[in-house]
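All values reported here derive from a predicted model rather than from experimental measurement. Values reported hereafter were calculated over all heavy atoms of this structure, with side chains retained and with hydrogens, waters and symmetry mates removed.
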Amino acid sequence: ADVVFEVFGHRRLLRDPVSGLMHLGIFWGFTVLFLSVANFFWEGLTGSALPFTDGHVWYHLTMNVFYLAVTLALALAFFRRLVTRPKRLELTGEALFILAMIGGVIATDVMLDGAKIARHGAAAPGALLGNPMASFWTAMSTGPACLDLAYAGSWWLHAAILLGFL
């Protein structure tokens, strides 16, 4: 039972509430966002989304809330590494690269979500970040071919970051 609390609850990290919450945000964010990654690869292989994901409020709302949680945790992680620089934290390029890759996964997932929503021409319920991104893609496009390009570019960039990160 102690191992479960240490691994999944980050009990030791929570001794420092700021650091602990930051790590919880990143860890649990990526744990939940694995569904988005699975959906991404499934859709790439089959041409259709996993059942009960795209177009469903629970899916878009959950993914978008966790996009925000991970983004806030990443901002705090960058701030701690680059500004406050606690003595126990070593500033390494590797650590900054990993944080940037995590941010890239989140950013490209939102870009892809927005492009997909824009291509369908209707807002996705619960897509707190995806819908504004869809508005951005729509405003920047000159028509359906442009939106297809935004989708394809976002898809390949997301795939490259995910596979490069693994």
S.K.: Considering only residues two or more places apart or on different chains, which pairs with a residue in residues 88-99 satisfy side chain to side chain donor-acceptor pair (under 3.5 Å)?
M.R.: D16-R88
S.K.: Sort and list the pairs that fulfil ring-ring contact (aromatic ring centres under 6.0 Å, His included) and have at least one residue in residues 43-75, not counting sequence neighbours.
M.R.: F52-H56
S.K.: I want to check something: taking the side chain as every heavy atom from C-beta on, are L33 and V105 in contact at a cut-off of under 4.5 Å?
M.R.: no
S.K.: Kindly write out the residues that satisfy ring pair (Phe, Tyr, Trp, His ring centres under 6.0 Å) with F40, not counting sequence neighbours, or none if the list is empty.
M.R.: W155, H158
S.K.: Under the side-chain contact (heavy atoms from CB on, under 4.5 Å) rule, collect the residues that match up with L76, sequence neighbours excluded.
M.R.: V18, M22, R80
S.K.: Please enumerate all residues that pass side-chain contact (heavy atoms from CB on, under 4.5 Å) together with V65, with sequence neighbours excluded.
M.R.: L61, L128
S.K.: More than 12 heavy atoms of other residues, nucleotides or ligands under 6.0 Å from CE of M101: is that the case?
M.R.: yes
S.K.: Please, which pairs that meet salt bridge (Lys or Arg N to Asp or Glu O under 4.0 Å) have at least one residue in residues 23-32, sequence neighbours excluded?
M.R.: none
S.K.: Please list all pairs meeting side chain to side chain donor-acceptor pair (under 3.5 Å) that have one or both residues in residues 132-148, counting only residues at least two apart or in different chains.
M.R.: R119-D148
S.K.: Do any pairs count as a salt bridge (Lys or Arg N to Asp or Glu O under 4.0 Å) and have a residue in residues 131-143, sequence neighbours left out, and if so which ones?
M.R.: none
S.K.: To the closest 0.5 Å, what do you measure between CG (L129) and CG (N64)?
M.R.: 4.5 Å
S.K.: Is the shortest heavy-atom distance from the side chain of V32 to the side chain of M63 under 4.5 Å?
M.R.: yes
S.K.: Looking at every heavy atom in both A124 and I117, which two are closest together, and how far apart are they?
M.R.: CB-CD1, 3.6 Å
S.K.: How many angstroms lie between atom OG of S36 and atom CG of L162, to the nearest 0.5 angstrom?
M.R.: 8.5 Å
S.K.: Can you name the closest pair of heavy atoms from G55 and P125 and give their distance?
M.R.: O-CG, 4.1 Å
S.K.: Hey, could you give me each pair passing salt bridge (Lys or Arg N to Asp or Glu O under 4.0 Å) that has a residue in residues 29-47? Not counting sequence neighbours.
M.R.: E43-K116
S.K.: As a quick check of understanding, evaluate side chain to side chain contact (heavy atoms under 4.5 Å, CB included) for L96 and L91, giving each step before the final call.
M.R.: CA-CA 8 Å; L96 295 175; L91 180 62; 3.9 Å; yes
S.K.: Looking only at heavy atoms, what is the nearest atom pair of I26 and A73, with distance?
M.R.: CG1-CB, 3.6 Å
S.K.: Could you note down all residue pairs passing salt bridge (Lys or Arg N to Asp or Glu O under 4.0 Å) where residues 96-115 supplies at least one of them, sequence neighbours left out?
M.R.: none
S.K.: Could you work out, with side-chain contact (heavy atoms from CB on, under 4.5 Å) as the rule, every residue matching A75, not counting sequence neighbours?
M.R.: none
S.K.: Please list all pairs passing the ring-ring contact (aromatic ring centres under 6.0 Å, His included) test where one or both residues lie in residues 68-113, with sequence neighbours left out.
M.R.: none
